[in-house]
Each structure stands twice: as structure tokens, then as C-alpha cells.
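Down below is the structure, laid out as C-alpha cells.
Letters go in sequence order (proteins before strands), and every chain restarts at 1.
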2 protein chains.
Amino acid sequence: MPMSSALLTDHYELTMLQAALESGAAGRSAVFEVFARHLPAGRRYGVVAGTGRVLDAIEDFRFGDAELAFLRGHQVVNERTLDFLASYRFSGDVLGYREGECYFPGSPIMVVRGAFAEAVLLETVILSILNHDSAIAMAASRMVHAAGSRPIIEMGSRRTHEQAAVASARAAYLAGFSSTSNLMAGSRYGVPTAGTSAHAFTLLHGSEYEAFQAQIDSLGPGTTLLVDTYDVAKAVRTAVELAGPALGAVRIDSGDLDVAAHEVRRMLDSLGATGTRIVVTSDLDEFAIAALASAPVDGYGVGTSVATGSGAPTAAMVYKLVARDEGDGVLAPVAKKSVGKPSKGGQKAAFRAVEDGVATAELVTTVPGEAAPEGARTLLRELVRGGEIVGREPLAAARERHRASMAELPSSAHQLSQGDPAIPTVFS
Amino acid sequence: MPMSSALLTDHYELTMLQAALESGAAGRSAVFEVFARHLPAGRRYGVVAGTGRVLDAIEDFRFGDAELAFLRGHQVVNERTLDFLASYRFSGDVLGYREGECYFPGSPIMVVRGAFAEAVLLETVILSILNHDSAIAMAASRMVHAAGSRPIIEMGSRRTHEQAAVASARAAYLAGFSSTSNLMAGSRYGVPTAGTSAHAFTLLHGSEYEAFQAQIDSLGPGTTLLVDTYDVAKAVRTAVELAGPALGAVRIDSGDLDVAAHEVRRMLDSLGATGTRIVVTSDLDEFAIAALASAPVDGYGVGTSVATGSGAPTAAMVYKLVARDEGDGVLAPVAKKSVGKPSKGGQKAAFRAVEDGVATAELVTTVPGEAAPEGARTLLRELVRGGEIVGREPLAAARERHRASMAELPSSAHQLSQGDPAIPTVFS
């Protein structure tokens, strides 16, 4: 039985529900939209990630005995509201950008339609998931591009919340990482896992020679040996002496990685280990990866920077009411006028305009259901229909979608320097 | 039944275990220590948080059928290792700084002693928890100091992973926040929860008047009304008209909060609502809170910045082997020599030197079990003894400890500007 996601929610969602139940407005049709007013500072594109996890959270959003007992015991809401929650089940519709798709400021990433009472409750958990996973995927996508054809292992679990780590591994894989160190991400989401040993393993043994021998005995010569515990040059010689030219890889986790990679490559080649790969792993981010493009490196391991969004640990997505039935049965646009935080009323449709295979604009209109203009593709797809989840797909599909969506962006999207969004958002 | 924490682990912990089981080194006594080589850039003190959650994770670190089936199916480790994991249960000792205590570079925040095989497996999940929770608590502690006697509500759940949000609320409360918006943090950890309404509630209704009336009808005049959906001045008049001078509070969530707070205070006072509080909530961090010190503000709500560590989303704690039995029954210090990442061998003891009630130094020695020097207090306490958890305590105790530990730091600790650690770490 999956855990309920219903308390992963802000207190005020329930007090608003209570007041709306009493005012009679709770049952009015409403449309909420998820969008970001801006990308994280200087980023040129966003990446939608977490959609599949949102669908799980909507499915698990039920108030069972434990949840109701807490709410009653702490007098969060009154009995009438508890009755409503006891039978709560989202019965509305959700449209959304497919996972892996790129997005831009104002893109209507998710559209939630249903009775106000049903839709308002989902705000917090939807935003938590999309804001976290998209931030990680955005950072990971930049690293993947910087790495070119070289694989990247995600290994940031120890730098972030233990469950956020699992979602981070998923988001990084979706954005093109080749594998993760996180076993739960392997178990829960099928992300390939990888790893061999840490410095502690070398230090445990009486000598590096003894440690390497133990690792090769157990994991075979194709393993990756960590060569920077004491002296890199000595360690590389010991590694090849023990494993022979079949040695899979060596890992360097400290020092000047560019210099070290060149030295280790020369040494490996001179020892006949021309097929042995070099993996580097120390405090890498997209900039450090780009700087190593010409170094003889075969793969990267990235930890802290990917798990913390490389300077942007959260996306800036919000969940706003854009239309509601005021009581007369007509769904009318609404928007607040708060200083610096205006919102645009009305349910949106969105299209990516593409010319000669290159994206040129994000088109956002307030004509929901409108057909795609010529040369543009529709971005909003059905995810939930009448409470039924219809938008599930394998993680591999999202990974392939991201690759394709990235490939379509103009080349300015791939610059690591700070800049404007790669394509403009055109509202009409 | 709690979920197993055993797969919240890096792949290489298990391959190291496999190789050590085969080399015969797995059963050797080992000591691992958690410490940070540095504080996040410019921070003057660290805050230990997550200790209680680490104890839960150690208790739940069991490999059940599902976990073993995954590891077998994906050939992560061999059958001998799976047999070991099937009966795994940590039977060693853990010492640690108590939760809420301040820490400094090199402080031995946690000491894990046991067979290498047992202790190495805990690395990832211990670091995930401590690195995340301490980063949040550190940021929250600075905000609490900046707010003085004014309460702060944690409301960042939507900006971080949905489970990280629960831990963030716990860490912020520990550091002195008064409450959280996160209901799961209330249910799981007893953190007080708070919240009333969002802009969507106002927009749902035909008018602000109607929305305020609905909220007051349901939640009473002592509620907090959100006054910046359309026009703040008009909203404040409507609020007092409807609730009378008993109106609990108004919330301002946009614009220049300093200017707005002064205007709203004058208006409330002129309307006779002299007891109505003003709560502000827009993109606040410790600097913005400090800048509002002279504004007539009665409370703050903080979201993104606390849930993302206000620029430092992770602490830099590592888990390093510092001593091990090399096979001769003697526990000997070990340390790696990696460039830029040296570690100091030997199990540590730690004391906070205090003169006239003011902390003067963090004393770290390699004489474990040493008595505290005169005028210093012992920082390491027993948390786990022979696999038995002995260090559990109520969250309120950690909250009180943090208050006391903060009060003891020299005043330089409380400067928000970047600087050196407030007290030096003295190794001996």
C-alpha cells in the first residue's frame, strides 16, 4: 500500500477548503495552472520533470484514518470538512507538458481543472514535485550537453535529503545522465546503478596493493580502481600490475583533474592499458565538465552540483487560479494584481513553433483546445481525465523526449553563460 | 511498519562490502567520523540537525525480501553478500553532537564504530540526512536571530522535494521557527502548523468583500486576511469593516514590504484595529528580515530561502574512515592524502571551551573518552550503544539546546555578513 500523499500539503489549503465549503463556493468549477514567471537566473531553458511522480501523488492523495485523526486532533479543520476529506478523490482533469519537454517563462506546464475544493488541495504536492525535479533536470541537462558523448554518473545522494536523492537520480537520468549511485532509484524507477569503491576501502586494507587485489578478486579486472588515496602515479602502476591491460577504469577524485587526467592517460598507455578508461569525480559541475572537454577523460561522476540544481535548487513554478465559475455556471478568467506578481487570467493552450527543425517561439494563447498553428506542435497533453490517470509513460520515453526537445532548440540554448531564454514566449 | 532505509544507499557501499567479505577485512573494527572541512561560504557557525532522523534510519536499515530481490535481480552483489545483508543489523556504537548544537570546521559531528562491514553501509543515508537537515537549520537559525522576538512561519514546502519539505519544517522549528505550513511535519514530528488562505480563495469569490466574509464566517475574526490581491488600502478597510477591531492579522505578500507595512499599520490604527497584527511573506531571507527590523511587522512567513538553505542547500559533511584494525587487533589511525582533501586520522573527542559564558574555541583531540578540560563541555554523547538506540530525545529538547548553544556564541556569530567561523577549531 503506497503512503498517502495527502498531508504533504500546506495547512491553508485545508482552511480555504473549509471556508469555501461554508460559503458555498467549494463546488464551483475552477482552473489552476502551473507556470514559472521566469527561469532560474541566466538559464536559457527549463526542463519539465516530475510529471510521472505527480500522477502517483494524485493517485495516493487520500485521507485515511491516520490523516483524519491528526487533522481532528489538532483542530486543523471542522467536522464538515473532515467528512469531505474522508471521501476525497480527485475527479477532475489534468493537462500538462510531457515530462522531459523544455519550457520557458509563462509556459502553462500543468493545467488542473475541477471543482475548486478538489483542485486547490493538490497545489502544494504538485509544486513540490515539479519545482524540485525540474530544478535537478535543468542542471543535469546542461551537464549532459557539456559532457558531449561522455557518460555521467549521478552520485549526489549524500548531499541532499535521502528521498530527494531518489528523485534527483530519476531527474538526472531523464535529462541524459547514464546512471546513478542511488540504489533506491534503481529499485523504484529502473535507473541503471553504478559504483565500485571509496577511499575507505583502500584505507581499510594494509596497503593499496592489498586493497586493489581484493577489489579485483571480487569485482573482476573490469572494475574501476580509485587511484588518489595516497600517490596517483604509484597507484596507477599498482593497478595495472594487478589487473593487467584489461583494467576497466581508474577514478581520480581530487587535485587538478585536467593535469591528472593527462598524466594518468600517458602512464596507462605506456603500461599497455590503452583501453583502460579514466573517470573523474571531484566537485564537478557543468562549467568544470566543459573545461575538461579536451582532457583525456572517459566519464564523469557528478554529486553535489546536480543534486542541488547547480546554483538553482528550485524552479520558480507557481500554481495559480486562472479561471472559475463565479456561481453563474460560466467559467470566467481571473487574475490578481499584486505588485510584481501579476498573473494572466484564463485557461491557456501552448505550442512550440518550429522552423526548419529549430524552435523559434513558445506560443501561449487563452483559447484552450485550439488546434496547433501551422509549423507548431501542441505542448499540452491529457494526463488525467475525470480522475482517471491516462498520461503514464515509461521513464525512457521522457528521456528520449528531452533529447529530442533539446536537439530542436537554437544553439544559443546550449551556452553555459548567463543569458535570456533561448526562445521568446509569445502570448496571444 | 516503517519503510526500509537500506536502499537509500550508494551502490559502491555494497560492492565494497562484497570485496571486503571476500578479502576477509569486512569484520575488522573500524571508526568512521562525520565532519565538515569548512562551513558553507562565509557562514560563522553550523547547526547540527537531523540526528533524531538518523537514529530512525539506522533502526530501519534492514534488507527485506523486496530489497534483496532487487539486488539479486540486478546483480549488484553476489549471493554471499546477499546472505550477509539478509541478517544485517547495525550492532556497533554511535556517538554524536546532540541535535541543535552548533558546530565548526573539523567538529566530529558523529562517530560510528563497528565492524567495517556494518559501519560502511550507513554512510550514504547518514550523510543525506545530516547534510540536508543541517543546511536548513543553519539558514533558519540566521533568520530567527534576524527576526528577534517576532515569530517566523516556515512555508517553503512547495519549493523543495515533498519529503525534504517535511524534514525542512522540522529543522526550521528546531532552529527557532514558531510553526510550519506543512501538515505532515505536524503529524510526524509535532511541529505546530499554521495557515489561513491564499490569493486563489479571494479570486474564487465574486469580490474581496465576499471572500473575506466567507473566511471570517468560517475561521472567526481572529483569522489572517490576505490583503494584496487587488488594492491593499481598499482590502484593509474591507477587512476591518467586516471583522472589526478583533481582526487577528493581515498578510502582505508582494510589493515593498517596508513601505506597505508602515501604510497598513497607520491605516489599521486609524480604523481602531490597533491589536491587528501584520504578517509579511514575500521572498524573505535573513537579509530581508533584518532590513524589516524597524518596520511595524509582527511576524514573517519564509518559504523558498529556508527550504533551500538560503544559498547553501547542503552542508559539506563527509563520512571518513579514521581508524581501523589492520588485522592485528589494534585500532590504528588512518588518513588519506588526496590533494586538497586530506583527512585527520584517529578517533576524536570534542569540547566547547567557554569563558564567562562565552564560547572561545572548539577543542578537538584524538584522545577518545578524554575528560573535558576545565571550563569546557563535552560535545560527543552516546546515541547508539551495541546497536541499541539510547540517544532519542524530544524535538523540543533539540530546539532548547540550539537556543542555548547560540546564546553562548560570541556576538560575531550573529553578523549576517560573510566572515570566518565565530570560534576557532583547535586540534591537539
Side-chain angles (χ1 to χ4, degrees), chain A residues 7-12 15-16 18-19 22-23 25 70 116 124-125 127-129 131-132 157-165 167 181 183-184 187 193-201 203-206 214-215 218 228-230 254-255 308 313-314 321 324 326 334 336-341, chain B residues 7-12 15-16 18-19 22-23 25 70 116 124-125 127-129 131-132 157-165 167 181 183-184 187 193-201 203-206 214-215 218 228-230 254-255 308 313-314 321 324 326 334 336-341:
Chain A
L7 292 187
L8 300 170
T9 299
D10 285 330
H11 189 118
Y12 78 5
T15 47
M16 281 194 278
Q18 173 178 314
E22 297 189 28
S23 77
F70 164 73
F116 176 83
T124 310
V125 74
L127 287 178
S128 291
I129 293 173
N131 272 324
H132 175 268
S157 294
R158 64 192 55 195
R159 301 299 185 195
T160 185
H161 182 277
E162 70 277 16
Q163 293 290 345
S181 65
L183 290 172
M184 187 69 94
S187 170
T193 66
T196 52
S197 67
H199 294 104
F201 185 78
L203 294 169
L204 170 69
H205 290 84
Q215 186 175 329
S218 181
D228 71 336
T229 306
Y230 304 109
S254 56
T308 59
T314 186
L321 183 71
R324 54 84 181 91
E326 218 177 281
V334 285
K336 66 173 175 169
K337 293 178 184 159
S338 310
V339 184
K341 293 182 180 175
Chain B
L7 292 188
L8 300 171
T9 299
D10 286 328
H11 188 118
Y12 79 5
T15 47
M16 282 194 278
Q18 173 178 311
E22 295 188 30
S23 77
F70 164 73
F116 176 83
T124 310
V125 74
L127 287 178
S128 290
I129 294 172
N131 272 324
H132 175 267
S157 294
R158 64 192 57 197
R159 300 298 185 197
T160 185
H161 181 277
E162 70 277 15
Q163 292 291 344
S181 65
L183 290 172
M184 187 69 93
S187 170
T193 66
T196 52
S197 67
H199 295 105
F201 185 79
L203 293 170
L204 170 69
H205 291 83
Q215 186 175 331
S218 181
D228 71 335
T229 305
Y230 304 110
S254 55
T308 59
T314 185
L321 183 72
R324 53 84 182 89
E326 218 177 281
V334 285
K336 66 173 175 169
K337 292 175 186 162
S338 310
V339 183
K341 295 182 179 176

Got a second to check how far Thr9(A)'s OG1 is from Met184(B)'s CE, nearest 0.5 Å?
->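 CE of Met184(B) is found 8.5 Å from OG1 of Thr9(A).
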In terms of heavy-atom pairs under 4.5 Å with chain A, which of Val125(B), Thr229(B), Leu204(B) leads?
->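 Ranked by contacts with chain A, first place is Leu204(B).
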Go through Glu162(B), Gln215(B), His132(B), His205(B) and name the one with the most non-hydrogen pairs under 4.5 angstrom from chain A.
->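 The option with the most such pairs is Glu162(B).
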How close do [X] and [Y] get, heavy atom to heavy atom, and via which atoms?
X: Thr314(A); Y: Thr308(B); answer: CG2-CG2, 4.1 Å
X: Phe201(B); Y: Phe116(A); answer: CA-CZ, 4.4 Å
X: Val334(A); Y: Leu203(B); answer: CG1-O, 3.8 Å

Side chain to side chain contact (heavy atoms under 4.5 Å, CB included) partners for Thr15(B), two or more places apart |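 Side chain to side chain contact (heavy atoms under 4.5 Å, CB included) check on Thr15(B) returns Leu219(A), His11(B), Tyr12(B).
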Listed by chain and number, what are the salt bridge (charged side-chain N to carboxylate O under 4.0 Å, His left out) partners of Arg324(A), not counting sequence neighbours?
->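 Partners of Arg324(A) by the salt bridge (charged side-chain N to carboxylate O under 4.0 Å, His left out) criterion, ordered by chain and then number, come out as Glu326(A).
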Below 4.5 Å from any heavy atom of chain B, which atoms of Ala194(A) appear? Answer side chain, backbone, both or neither.
->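 It is the backbone, since no side chain atom gets that close.
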What part of Glu22(A) gets closer than 4.5 Å to chain B, counting heavy atoms only: side chain, backbone, both or neither?
->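 Contact with chain B: side chain only.
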Heavy-atom pairs under 4.5 Å with chain B are the metric here; pick the option from [options] that has the most.
options: Ala167(A), Ala164(A), Gly206(A); result: Ala164(A)
options: Ala214(A), Pro313(A), Ser181(A); result: Ser181(A)
options: Thr193(A), Thr196(A), Ile129(A), Thr160(A); result: Thr196(A)

With only heavy atoms counted, which part of Tyr230(B) is less than 4.5 Å from chain A, the side chain, the backbone, both or neither?
->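 Looking at Tyr230(B), backbone and side chain both touch chain A.
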Is it the backbone or the side chain of Ala25(B) that comes under 4.5 Å from a heavy atom of chain A, or both, or neither?
->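 Looking at Ala25(B), backbone and side chain both touch chain A.
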Determine yes or no for a side-chain-to-main-chain donor-acceptor pair under 3.5 angstrom, with Ser128(A) supplying the side chain and Ser157(B) the backbone.
->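 The answer is yes, because a donor-acceptor pair under 3.5 Å joins these two groups.
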Please examine the side chains of Gln163(B) and Leu8(A), heavy atoms only from C-beta on, and report whether any two atoms are closer than 4.5 Å.
->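 Yes - at least one pair of side-chain heavy atoms lies under 4.5 Å apart.
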